[in-house]
Amino acid sequence: MSQAWMVASGKGGVGKSTVTAALAAALARRQLPTVAVDTDMGLRSLDMLLGLQDRIVYDVVDVINKDCKLKYALVQYTLSPALSLLPASQLGNWEDISADRLARVVHKLKKRFSYVLMDAPAGLERGLSTLTALTDFSLLVVTPDDVSIRDAERVIALLDGQHKPKPMLVVNRVVAQLVESGDMYSPQVVADTLDVPLLGYVPEDMAVLRALARHHTVLDENGPARDALLRISRRFVGEYVPMPPLKRKRRFFFFTRG
Ligand SMILES: Nc1ncnc2c1ncn2[C@@H]1O[C@H](COP(=O)(O)OP(=O)(O)OP(=O)(O)O)[C@@H](O)[C@H]1O
Ligand SMILES: [Mg+2]
């Protein structure tokens, strides 16, 4: 049975696209037919995160408007034929998108792929409520701060209002040292506050920025974020993978005379 997932957050810039791209690439590594759908109209980013920015001809709005067939808008991931991208439109916006037509596109995608991962736009506007109606399950990406948690509560309320299942939670940009000193919520505290199951957490990691600069996913950069996202992808498909304890970075002290 194929599944449509929405990756949402409420607050912008918390790592939805980073998580979507890495999760999609991880599922494809397991040969699971997956499509990543960028729904951030006007602000697309998944193409860059997957290194496919030079290969886009058509986008999701062209498909919705029947300017092209779905198969011509799908861009195959260079590193795995199991993953395709359906890019967002750089010009269109959610106000022009017919919910019924998008539903038909998602229905077609579900026939073709086991996992349809829809990277939602930030905010609680029309785009999010349209996607909420189309999704079977959702992944909530939250950073461990009050603003992100409060915005995530609004997304949970939206899902609840549409009788959708509780989302799974990914807490991103966790800094073990700050959690230890009491200056940042632990991932479990965030999950308990939101009352949703914790799928995993991703540490703050410079490798994520390196991956962004190099136009590939975090899976192609060694580091704790990559390891965490691989664990998350395994839990996502139902494997039992224990949550490792938060690790502080080792510190080196240099004593200088002076
Ligand atoms: N674990 C992390 N460690 C370090 N930087 C990160 C981490 N996760 C995300 N980032 C950085 O945070 C920024 C925002 O990430 P991303 O674009 O994935 O967020 P988003 O939620 O999709 O944003 P938007 O709401 O604008 O769509 C990017 O520069 C990304 O590289
Ligand atoms: Mg994004």
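Start at 1 and go down the list; that is how both ligands and their atoms are numbered.
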Distance-only donor-acceptor check, side chains Ser2 and Ser114, under 3.5 Å: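 On atom types as modelled, these side chains do not qualify, holding no pair under 3.5 Å.
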
Checking side-chain polar atoms at under 3.5 Å, does Tyr72 have a donor or acceptor matched by the opposite partner on Asp62?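 Tyr72 vs Asp62: no donor-acceptor pair found between side chains.
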
The Mg ion (ligand 2): protein N, O or S atoms that are less than 2.8 Å away, sorted by chain: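 Short answer, with waters excluded from the count: Ser17 OG.
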
Those atoms of ligand 1 less than 4.0 Å from some heavy atom in [X]:
X	result
Ala122	25 (O)
Asp40	27 (O)
Leu209	29 (O), 31 (O)
Gly12	25 (O)

Pick whichever of Lys16, Glu204, Met48 has a heavy atom sitting closest to atom 20 (P) of ligand 1.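 Of the listed residues, Lys16 has the closest heavy atom.
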
Which residue owns the protein heavy atom closest to [atom], what's the atom, and how far is it?
atom	value
atom 19 (O) of ligand 1	Gly15 N, 2.9 Å
atom 4 (C) of ligand 1	Asp205 O, 3.2 Å
atom 5 (N) of ligand 1	Arg173 NH2, 3.2 Å
atom 26 (O) of ligand 1	Gly13 N, 3.8 Å
atom 2 (C) of ligand 1	Val208 CG2, 3.5 Å
atom 18 (O) of ligand 1	Thr18 OG1, 2.5 Å
atom 28 (C) of ligand 1	Leu212 CD2, 4.1 Å
atom 9 (C) of ligand 1	Asn172 ND2, 3.6 Å

Does the side chain to side chain donor-acceptor pair (under 3.5 Å) test come out yes or no for Ser98 and Asp100, once each step is laid out? CA-CA 5 Å; Ser98 142; Asp100 287 348; 5.3 Å; no

Electrostatic pair [X]-[Y], nearest N-O below 4.0 angstrom:
X	Y	value
Glu239	Arg30	yes
Asp136	Lys164	no
Asp151	Arg154	no
Arg210	Glu221	yes

Indicate yes or no for a side-chain donor-acceptor contact from Thr143 to the backbone of Asp145 under 3.5 Å, with no hydrogens or angles considered.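 Flag not set: sc Thr143 to bb Asp145 has no pair under 3.5 Å.
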
May I ask whether Leu230 and Val237 are part of the same hydrophobic cluster, defined by side-chain heavy atoms of I, L, V, M, F, W, Y residues being less than 4.5 angstrom apart, directly or through others?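 Linked, Leu230 and Val237 end up in one cluster.
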
How long is the span from the CG atom in Leu32 to the CZ atom in Phe113, to the nearest 0.5 Å?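 Taking CG in Leu32 and CZ in Phe113, the distance rounds to 12.5 Å.
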
Could you tell me which non-hydrogen atom of Thr135 sits nearest to which non-hydrogen atom of Met6, and how far apart they are?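 The answer is OG1-N, 3.1 Å.
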
Residue pair Ser9 / Leu140: nearest heavy atoms and the distance that separates them: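 Here Ser9 and Leu140 meet closest at CA-CD1, 4.2 Å.
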
Within-cut-off N or O pair, [X] and ligand 1, under 3.5 Å:
X	result
Ser17	yes
Ser9	no
Ala120	no

How far apart are the C-alpha atoms of Ser148 and Lys11, what are their side-chain angles, what is the distance that settles it, and do they pass the side chain to side chain donor-acceptor pair (under 3.5 Å) test? CA-CA 6 Å; Ser148 179; Lys11 183 173 186 277; 5.9 Å; no

Select one of side chain, backbone, both or neither to describe which atoms of Pro203 lie under 4.0 Å from any atom of ligand 1, heavy atoms only.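 For Pro203, the contact with ligand 1 is made by the backbone alone.
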
Applying side chain to side chain contact (heavy atoms under 4.5 Å, CB included) between Thr34 and each of Leu27, Leu23, Val116, Leu85, report the one that passes.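 Going through Leu27, Leu23, Val116, Leu85 one by one, the side chain to side chain contact (heavy atoms under 4.5 Å, CB included) with Thr34 is satisfied by Leu27 alone.
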
